[in-house]
Structures are given as C-alpha cells and as structure tokens.
Amino acid sequence: MSNVAVYEPPPITSEIDMTVAEKKTARKSVAGSAIGNAIEWFDYGIYGYLLVYISDLFFTFDDGNAALARVMALGTFAVSFLVRPLGGFIFGPLGDRFGRQKVLVLTIILISGSTACIGLLPTYGSIGFMAPVLLIALRAIQGFSAGGEYAGAAVFMAEHAPDNRRGIYGCFLEFGTLVGFSGAAILCTSLTLVVGEDGMTAGWWRLPFLLTALMGVLALWMRRHLHDPEAFTEDVEEAVEHPSALKALGNLLKSYPTQILKLIGFVTLLNVAFYLVLTYMPSYLSATLGHSTAQANFSLVLIQLVMIAVIVPFGALSDKIGRRPLLITASIGFIVLSVPAMMLIQLGTFWSQLLGIGILGLFLVMLISTISATLPALFPTRVRYSGFAIGYNISTALFGGTAGMFNEMLINKTGNVLMPGWYLAIAGVIGLISVLTFRETAGRSLRGNVVPGSDDDLRIARGEELIGTKTGSVPTVGAGTSTNTTIGKDGSS
C-alpha cells in the first residue's frame, strides 16, 4: 500500500499566540498598506473636490458649455477606472508569483508620480486640446496602477493579520481610505476658503496634486522595509511549479469563476455607494442642487470624520459576530433608505443635508469596515491576489468610476434629482444577492489552498481527508476513505 499524504488543517492564528516581533511586523504591514491606500483615495478625493475647476480649466472649450464640461471631467474620472482591470490582470498574477511586497512598491511609485504630474499640467487655455489629452493619459496611468494597489494592499494586510483579529486589522486599510478622502476634503475646502474661487482657478488647484509626491516618498520608504506574509511565502516554498502569469490567470478563471462573480456582484454595491457618496456628492450638491460649495464640503467632512471614528468599532464587531450580518444590514439599508436620504439632502438646509448624507455614510462604513477582511478570504492563497484584483477591478471599472458620470447624464436627461438614490437602491439589491451567497470567514485561516470557510475548509478542520479530482479542480471529501491520495497545495491529488 502506498503512503497517504493528508492535507493538514492550517493553524488558526491568534494575536495572543504571536510574538512581540510578529505583532510589530503585522502592525507595520497594516501601516504600509494603509498609507498607500490613503494616497490612492486622496487622489480620487481631490479630483472630486476640484472637479469644478478641472472642468472649467480643461474641458470648457470655446463653446463655454459648463454642463458638458462637467460630464467630460467626470468621464475622465471614469477613464482611470476603465483601465483598472488591465492593471488587475497584470499586477494580480505578478503578485501571486513574485510576491505582494514587490508589486506594492511598484504601484505606489506609479500612483503618486502620475497624480503629482497632474499638478504640473498646462491648461486648455495654454496648449489647447493637448491639455485634456495629457490629463486623460495621467488618469489612465493612475488607474492602471490602482488596479494592483488596492487588491494587493488588502491581501498583504489580511495575510499578515491574526485570524481572530482580521476584521479590526483590516478596517485600518479603509481607515486609510477615509483619512485620504477626509484629507482631500479638508485641504480643498480650506484652500478654497483662504484663496477664494478666483485663486483656485488661478493656480492653487495644483497644490493638492503636488503634495501627493511627498506622501508617495513616505509610502515608498515604508513599503521597501516590509516583507511578504508567511501565508504567501509558505505556499511559494512548497509549490512544485510556478506557472507563468498568463497560465495562472487562465487557471484562475477556469477554477474559480463563481468566486469572481460573487466578488463582482458585491463590489458593484460597494463602488456605487463609495463613489456616489464620497466623490460625486460634492459636485452633485453644488452644481446640480445649487448648494453652497463650502457648506457641501463641510457636511461631507463631518460625515467622513464620524465614519473614521466608528470604522474601527465596526471592524472589531465583525470579528465577534461575523462579516455577513454587517454586510446584509448595509445592503438592506441602501435598498430601503437611499431615496429617502436623497430627499432629505434635496431639502437644502444644513441639518437635512447632514442627516441625508449621514444615513448613506452609516451604511457605507458598515460595508468598508469589513471588506478588507472579507474579500481576500474569497480565494485560496495561490490565486488570492489575482482573484481579488481581477474581480474587484472589473466591477469597479463598470460600476464605480462611471457612477458619477451616469448619474449626471441621467439627471440631465430626466430632470430627476433623486436619481442617485434610485441608483444606490438598485445597487443594494445586487449587493444583497451576492452577500447572501458568501460563507462566513471570520476566524478562519487564510493559509493553504482551499477557499476559507468553504465545505472543504470546514471538513479539513474536522480532520477529514480531501480527495482531489484534478489540478485546479474543487476537491471532494471522503471521511475515513482508504483511497491512496496525495493532496497538493491547490487541493488536488
């Protein structure tokens, strides 16, 4: 009888079990991931808050059509999202093959460099149509690099975090997101109050973009001193072969199409909510509803500060009660309350505006507090970066960056200023359907090459033996079987 190599259940790591050095490494990894994420979303934030000036300086051509200029500026914002899947297709497999840290160093250089260069661009009045062309090119570079940045940062953080604290560790990645957005809002609002509308148009709009260069240098220094997590390095050491990036991509799409579709569905809600509430809202409040720009920005700053204050408690709560209860509650909340929230915003008073945005912000922070712990757990180690990057960026390209542009077009076409509420409600339905298919992964290990929380993962934990059918296939299980089987790292025999 031949020997049987049984797949050992991966250990569940606890923060209590970690040494002082391991805790320090994990926290440095969280900080290194979060600062890059903050830069990425700082860029998106300043573009949103400076949209009025960008549309005027780059897209108001000789005809002076302000509405068309806003649509084109929002379209340029969307362009960076359309190229994100390309970044995901390239950076994802590279991160799974060569390491998360190496790719994250490259993405932060590209993101911070392209963003800073926007602050150096001449305007339409100086060089004509080359100005918007160059702006679109830089936004495309930023989007391409972002296609590997967020997924890599989330995977890097999740694999470093202890299993029983992945929710609270992961929420700091989104803490960085909110800090980036809030920093953009505070900077742009303060700058506008100090130099005035004419001063911003005259050139002060460039300052927020240029500051990204300094932030990028700090992030690069932090990331160069980080190391790949053991969950990844153990897999690399034990793997028999390292497929090419193209082959790895083909294996991913063939073996895990359901997981990718689940992720795309959920991220549809996540991105529509994120970009409508935090990026499109300043333009919507000032340009569409005619509210004071300073009041609109101040309302959003207050809501974002509240979101920063509650995101860590929500992340900790997800470690105790699981991710699904929070995700389901948020999805239902968007379905039921998005339109009423937009009605409150439309009333125009400061407090009604604050309450309407606050309702949307509450459900949004419930989503983002858990995603960095939830989404990496949809895939096994060997394809985690690829699966996350590809699914996330396809959904972001289709439904995230285009949300503001589509809503502006729909409002102009129909005259219905409640359109963002209906858009959010429909996205909530899509998100809820996806969330209901998720398995609970709170406390599950990310090590090994079965999907965390899946039937195979739970059977392994019970000491049952997996029987694979072929490489890349989903293995079956036979408790106490006498079949002679060797289980590979991908769960195959």
Side-chain angles (χ1 to χ4, degrees), residues 37 40-41 44-45 48 77-78 80-81 84-85 88 143 146-147 149-151 153-155 157-158 167 170-171 173-178 180-181 259-281 304 307 311 314-315 318 323-335 337-338 341 359-379 387-404 406-407 420-421 423-438 441:
N37 212 41
E40 178 184 349
W41 302 111
Y44 287 130
F77 183 76
S80 66
F81 288 83
R84 282 181 70 130
E149 166 63 29
Y150 179 71
V155 167
M157 177 284 308
C171 72
L173 187 63
E174 302 308 323
F175 183 89
T177 297
L178 292 175
F181 258 102
Q259 298 302 99
I260 293 176
L261 289 175
K262 288 180 181 181
L263 189 148
I264 288 175
F266 170 70
V267 174
T268 297
L269 167 60
L270 173 67
N271 278 303
V272 167
F274 199 99
Y275 293 106
L276 284 187
V277 175
L278 296 183
T279 301
Y280 174 65
M281 195 59 65
Q304 288 172 36
M307 292 172 69
I311 191 170
F314 272 128
S318 76
R323 327 292 185 211
R324 293 181 81 249
L326 289 175
L327 297 178
I328 290 171
T329 301
S331 301
I332 294 174
F334 277 114
I335 294 170
L337 294 177
S338 290
I359 291 170
L360 300 178
L362 174 64
F363 295 126
L364 177 58
V365 77
M366 292 176 70
L367 290 180
I368 66 176
S369 65
T370 63
I371 58 173
S372 297
T374 303
L375 300 185
L378 287 174
F379 300 93
F388 192 141
I390 291 168
Y392 183 90
N393 288 301
I394 288 175
S395 185
T396 301
L398 295 175
F399 306 107
T402 58
F406 284 148
N407 273 268
Y423 206 87
L424 278 167
I426 293 171
V429 173
I430 297 172
L432 180 61
I433 293 171
S434 293
V435 169
L436 291 175
T437 68
F438 285 7
T441 58

Minimum side-chain heavy-atom gap Leu360-Ser338 below 4.5 Å:
yes
Spatial distance of atom CG (Leu327) from atom OG (Ser434) [nearest 0.5 Å]:
11.0 Å
Atom pair CD1 (Ile359) and CG (Leu337), whose distance is rounded to the nearest 0.5 Å
6.0 Å
4.5 Å side-chain heavy-atom contact, Leu375 and Tyr150:
no
Nearest heavy-atom neighbours spanning Ala427 and Leu269:
O-CB, 3.4 Å
Pair Ser318-Arg323, side-chain donor/acceptor within less than 3.5 Å
yes
Taking every non-hydrogen atom, the tightest pair across Asn393 and Gly147
ND2-O, 2.6 Å
Nearest heavy-atom contact between Leu436 and Arg324 is O-NH2, 3.3 Å
With Phe334, the side chain to side chain contact (heavy atoms under 4.5 Å, CB included) member among Leu432, Val429, Leu367
Leu367
If you compare all heavy atoms of Thr402 against all heavy atoms of Ala397, which two are closest, and at what distance to 0.1 Å?
CG2-O, 3.5 Å
Answer yes or no: is there a side-chain heavy-atom contact under 4.5 Å between Met307 and Ile311?
no
Test side-chain contact (heavy atoms from CB on, under 4.5 Å) applied to Thr329 and Met366, step by step
CA-CA 8 Å; Thr329 301; Met366 292 176 70; 3.6 Å; yes
Between Phe438 and Phe266, does the ring centre distance come in under 6.0 Å?
yes
Do the side chains of Leu173 and Ile371 get nearer than 4.5 Å, heavy atoms only?
no
Measure the OG1-NZ distance between Thr437 and Lys262 for me, rounded to the nearest 0.5 Å.
4.5 Å
With a 4.5 Å limit on heavy-atom distance, are the side chains of Phe379 and Val155 in contact?
no
Ignoring hydrogens, what is the shortest heavy-atom contact between Phe314 and Val365? Give both atom names and the distance.
CE1-CG1, 3.7 Å
Check: Tyr392 and Leu270 side chains under 4.5 Å, non-hydrogen atoms:
yes
What closest approach, in Å, do Val435 and Ser331 show between heavy atoms, and which atom pair accounts for it?
CG2-OG, 4.1 Å
By the definition ring-ring contact (aromatic ring centres under 6.0 Å, His included), identify the one residue from Tyr44, Tyr275, Phe274, Phe175 that meets it with Phe181.
Phe274
Would you say the side chains of Ser369 and Glu174 form a donor-acceptor pair under 3.5 Å?
no
Decide side-chain contact (heavy atoms from CB on, under 4.5 Å) for Thr370 and Cys171; before the verdict, give the C-alpha distance in whole Å, the side-chain angles of both, and the deciding distance to 0.1 Å.
CA-CA 6 Å; Thr370 63; Cys171 72; over 6 Å; no
Side chains of Ile368 and Leu178, heavy atoms from C-beta outward: is any pair under 4.5 Å?
yes
Return the OG1 to CD1 distance between Thr268 and Ile430, rounded to the nearest 0.5 Å.
5.5 Å
Less than 4.5 Å apart, side chain to side chain, heavy atoms only: is that true for Ile264 and Ile394?
yes
